[in-house]
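Note that the coordinates shown come from a computational prediction; the quantities given were computed from them, not determined experimentally.
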Amino acid sequence: MTNFSFDRVLRFGDCDPSGIAYFPSYLNILNGVVEDFWARIGLPWPELITVRKIGTPTVHLDCDFSRPSMFGDLLTFNLRIIRVGGSSLHLEHIISGANGPRWRARQILAATSLIDHHAIPWPDDIRFALITHVSAGEGTEAMPA
């Protein structure tokens with residue numbers, strides 16, 4: 001059971017003119033966190049995409065924003081795998097700052113062939129790497145498939 005943690009400083013370009021985090025920037029940062037996660041489990045996107053021709057597009061994303069973040073804030077992005085399906089990966093993200101949670105997201109990625117752009121089953125080595133890190137959390141049952 002593994003939780004992954006990534007720290008990011010909220011930059012000027014991530015904010016609106018008042019200095020408050022702009023939600024499209026949050027999603028761009030989140031995508032970078034997901035890319036870092038893949039690298040941390042030994043499956044960097046350059047290898048998946050250019051060599052193995054496997055994409056991991058987001059097919060569902062649900063976000064709840066609870067408190068604003070400001071330019072210069074240090075945010076911690078906590079990511080955990082809650083389920084590995086046949087060709088899907090269910091992630092939970094909790095993003096916090098110095099004074100507590102800022103927002104959270106549930107995300108589903110799909111394994112796709114970059115040749116024909118259809119869903120594919122996770123290759124065995126990728127499935128093994130993902131299932132190794134499935135974790136249970138509050139009210140969630142770890143469910144490798």
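Formation of a donor-acceptor pair under 3.5 Å by the Asn31 side chain with backbone atoms of Val34 is not found in this model. Put simply, the side chain of Trp103 never gets that close to the backbone of Arg67: no donor and acceptor are under 3.5 Å apart. At least one donor-acceptor pair under 3.5 Å links the side chain of Arg127 to the backbone N or O of Gly85. Of the possible polar contacts, one joining the His118 side chain to the Asp116 backbone as a donor-acceptor pair under 3.5 Å is found.
Closest approach of Phe12 and Phe71 over heavy atoms only: N-CE1, 3.1 Å. What you find for Tyr26 and Ser69 is that their closest heavy atoms are OH-OG, 2.6 Å. The two atoms that bring Phe128 and Thr132 nearest to each other are O-OG1, 2.6 Å, heavy atoms only. The two residues Leu43 and Leu48 make their nearest non-hydrogen contact at O-CD1, 3.6 Å. Across Ile29 and Leu10, no two heavy atoms sit closer than the pair CD1-CD1, 4.0 Å. Residues Ala119 and Ser87 share a closest heavy-atom pair of CB-OG, 4.1 Å.
Side-chain heavy atoms closer than 4.5 Å link hydrophobic residues (I, L, V, M, F, W, Y) into clusters, and following such links, even through other members, never connects Tyr22 to Val33. Side-chain heavy atoms closer than 4.5 Å link hydrophobic residues (I, L, V, M, F, W, Y) into clusters, and following such links, even through other members, never connects Ile94 to Leu109. The hydrophobic clustering, which links ILVMFWY residues whose side-chain heavy atoms are closer than 4.5 Å, places Ile20 and Phe65 apart.
One distance of note links CD of Glu47 with CH2 of Trp45; it measures 14.0 Å at 0.5 Å rounding. For the atom pair NE2 of His133 and CZ of Arg40, the computed distance is 10.0 Å after rounding to the nearest 0.5 Å. Rounded to the nearest 0.5 Å, atoms OG (Ser5) and CG (Asn3) are 9.0 Å apart. To the nearest 0.5 Å, atoms OG1 (Thr112) and CD1 (Ile120) are separated by 6.5 Å.
Test Leu91, Leu79, Asn78 against Phe4 for side-chain contact (heavy atoms from CB on, under 4.5 Å) and you get one pass: Leu79. Tested against Gln107 for a side chain to side chain donor-acceptor pair (under 3.5 Å), the candidates His60, His90, His93, Glu92 yield a single pass: His93.
Note on Asp73 versus Arg102: salt bridge recorded, some NZ/NE/NH1/NH2 to OD/OE distance being below 4.0 Å. The existence of a salt bridge linking Asp64 and Arg106 is excluded, since no basic side-chain nitrogen approaches an acidic carboxylate oxygen closer than 4.0 Å.
Within the hydrophobic cluster formed by Ile, Leu, Val, Met, Phe, Trp and Tyr side chains joined at under 4.5 Å, directly or through other members, Val59 is accompanied by Ile108.
Two residues are said to be in side-chain contact when any heavy atoms from C-beta on lie closer than 4.5 Å; Thr56 and Leu89 fail this criterion. Side chains of Arg52 and Pro123 form a contact here, defined as non-hydrogen atoms less than 4.5 Å apart.
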Chi angles and distances behind the side-chain contact (heavy atoms from CB on, under 4.5 Å) call for Leu27, Leu61: CA-CA 10 Å; Leu27 300 182; Leu61 182 63; 3.8 Å; yes

